[in-house]
2 protein chains.
Amino acid sequence: MSPAARKAPKKEDRSDQLEEARRLWRAFVEQRGLNSSKTRDAVVDVFFETTAHATLQDLFDAARKRQTGVSFATVYRTMRLLDEAGLADARNFGEGKSTLYEVAAGRAHHDHLICEACGKIVEFVDEDVETLQDQIARRYGFSLLRHRHELYGLCATCHPRGGA
Amino acid sequence: MSPAARKAPKKEDRSDQLEEARRLWRAFVEQRGLNSSKTRDAVVDVFFETTAHATLQDLFDAARKRQTGVSFATVYRTMRLLDEAGLADARNFGEGKSTLYEVAAGRAHHDHLICEACGKIVEFVDEDVETLQDQIARRYGFSLLRHRHELYGLCATCHPRGGA
DNA sequence: CTAAGTGCAAAAAGTTTGCATTCCG
DNA sequence: CGGAATGCAAACTTTTTGCACTTAG
């Protein structure tokens, strides 16, 4: 990757996405007849600016840093709204672990690779798998609504003879 | 399926499997230096005779029917042992739902189709998907340890215009 | 005996919810 | 004003664990 290539290119996309997400949120709020709220908007913003997968606790902590007085309950209720709005996806990787929220607005469907050593989460898309899933569902007479496909292993860095 | 085909064929397999599972359990108990216990063996038997995916509560209820005095804690601890022994697989379908245990002894790897309407769980195997998974993991530099692949939808019976 | 197994009840961990209060329109 | 939004603390659900007592070897 050339030095120049690292600079501008993605940045606009990102802030466009952010803007689009906020627009969708406002639309949802209106369409649903909700009041506007400074506290909730702070949580929404914190979430939209999130790059990684975040737990309620993460979001709560982050929100507190910019808006004191946010309660866990509000973070919880806000994330539920975002989920209903289709702007957030709630994911559960592994047994007792907390639910992770990821930004869904304007993002394509994808699945996950999870490193069991360092916890790194990589998103992937594979059309062939998607196609096969449809075939499998049909084979058993199911109509497919959604799926969960997670691959657990060790990332390059965590391999016994891992690169890096 | 012919009337005759429904009868004998599978039965022997099933009791063979059961016998094999019990054998593996005894081996595990010995190898691990555990004591034998009537209570725990009752739980183990109840589990091995289970056909569907069962929660701890299911197993607890079932065990109580034949052996009064079994506690939830013992069911829990027994299932943990079976899991460690590789004789039980703990699965988690969906958010807050309880862990489901399925018999693993002598069974091939498989994934699941889950009906969101009636909760029916169907197991499936698809070699092509398995192959693709390996390729995907490699593409991202991961070495694959395990995966979770669940397809959620509506089974034939629950379709809006469902068969049956 | 000594270590393993068990029941009971309480602890954890993560989510949800009831309620009185405050805020938005 | 009247319905929304919020904070707080308590309720819940499911999974784990501490501890005193019982049992197998």
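FYI, side chains are in, hydrogens and waters are out, and symmetry mates aren't considered; it's all heavy atoms of this structure. Note on naming: letters A, B, ... go to the chains in the order of the sequence lines (proteins, then strands), and numbering restarts at 1 for each one.
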Worksheet item: Quick one: B:K97 NZ to C:dT15 P, roughly how many Å, whole number?
Response: 14 Å

Worksheet entry | Within 6.0 Å of CD in A:E30, more than 12 heavy atoms from elsewhere | no

Fill in: salt_bridge(B:D45, B:R22) N-O dist < 4.0 Å
yes

Worksheet item: Relative to each other, are the rings of B:Y140 and A:F124 parallel, tilted or perpendicular (30° and 60° limits)?
Response: tilted

Worksheet item: Would you call A:E150-A:R91 a salt bridge at under 4.0 Å N-O?
Response: no

Worksheet item: Over how many whole Å does the gap from A:D58 atom CG to C:dT15 atom C1' extend?
Response: 16 Å

Worksheet item: Would A:K97 and A:T55 satisfy side chain to side chain contact (heavy atoms under 4.5 Å, CB included), going step by step from the backbone distance to the final call?
Response: CA-CA 10 Å; A:K97 300 187 188 77; A:T55 62; over 6 Å; no

Worksheet item: Of the nucleotides D:dT14, C:dG14, D:dC8, which has the atom closest to the A:R64 side chain?
Response: D:dC8

Worksheet item: Taking DNA chain D as the partner, which of residues 25-56 of chain B come within under 4.0 angstrom of it by heavy atom?
Response: B:N35, B:S36

Fill in: Rounded interatomic separation in angstrom, taking CZ from A:F60 and P from C:dT15
14 Å

Worksheet item: Rounded to whole angstroms, how far apart are CZ on A:F72 and C1' on D:dC12?
Response: 15 Å

Worksheet item: What is the distance, rounded to the nearest whole Å, between atom CD of B:Q57 and atom P of D:dC12?
Response: 17 Å

Item to complete: Assess the pair B:H147 and B:H109: is the distance between their ring centroids shorter than 6.0 Å?
Response: yes

Response to the item:
Contact check, residues 74-83 of chain B vs DNA chain D, heavy-atom distance under 4.0 Å, returns B:Y76, B:R77, B:R80

Discussion item. I need the B:I114 CD1 to B:I121 CD1 distance, nearest 0.5 Å.
Written reply: 6.0 Å

Practice prompt. Determine, for A:R139 against B:D126, whether the closest basic-nitrogen to carboxylate-oxygen distance falls under 4.0 angstrom.
Written response: yes

Fill in: D:dT15 phosphate, OP1 or OP2, under 4.0 Å from B:T99 side-chain N/O
yes

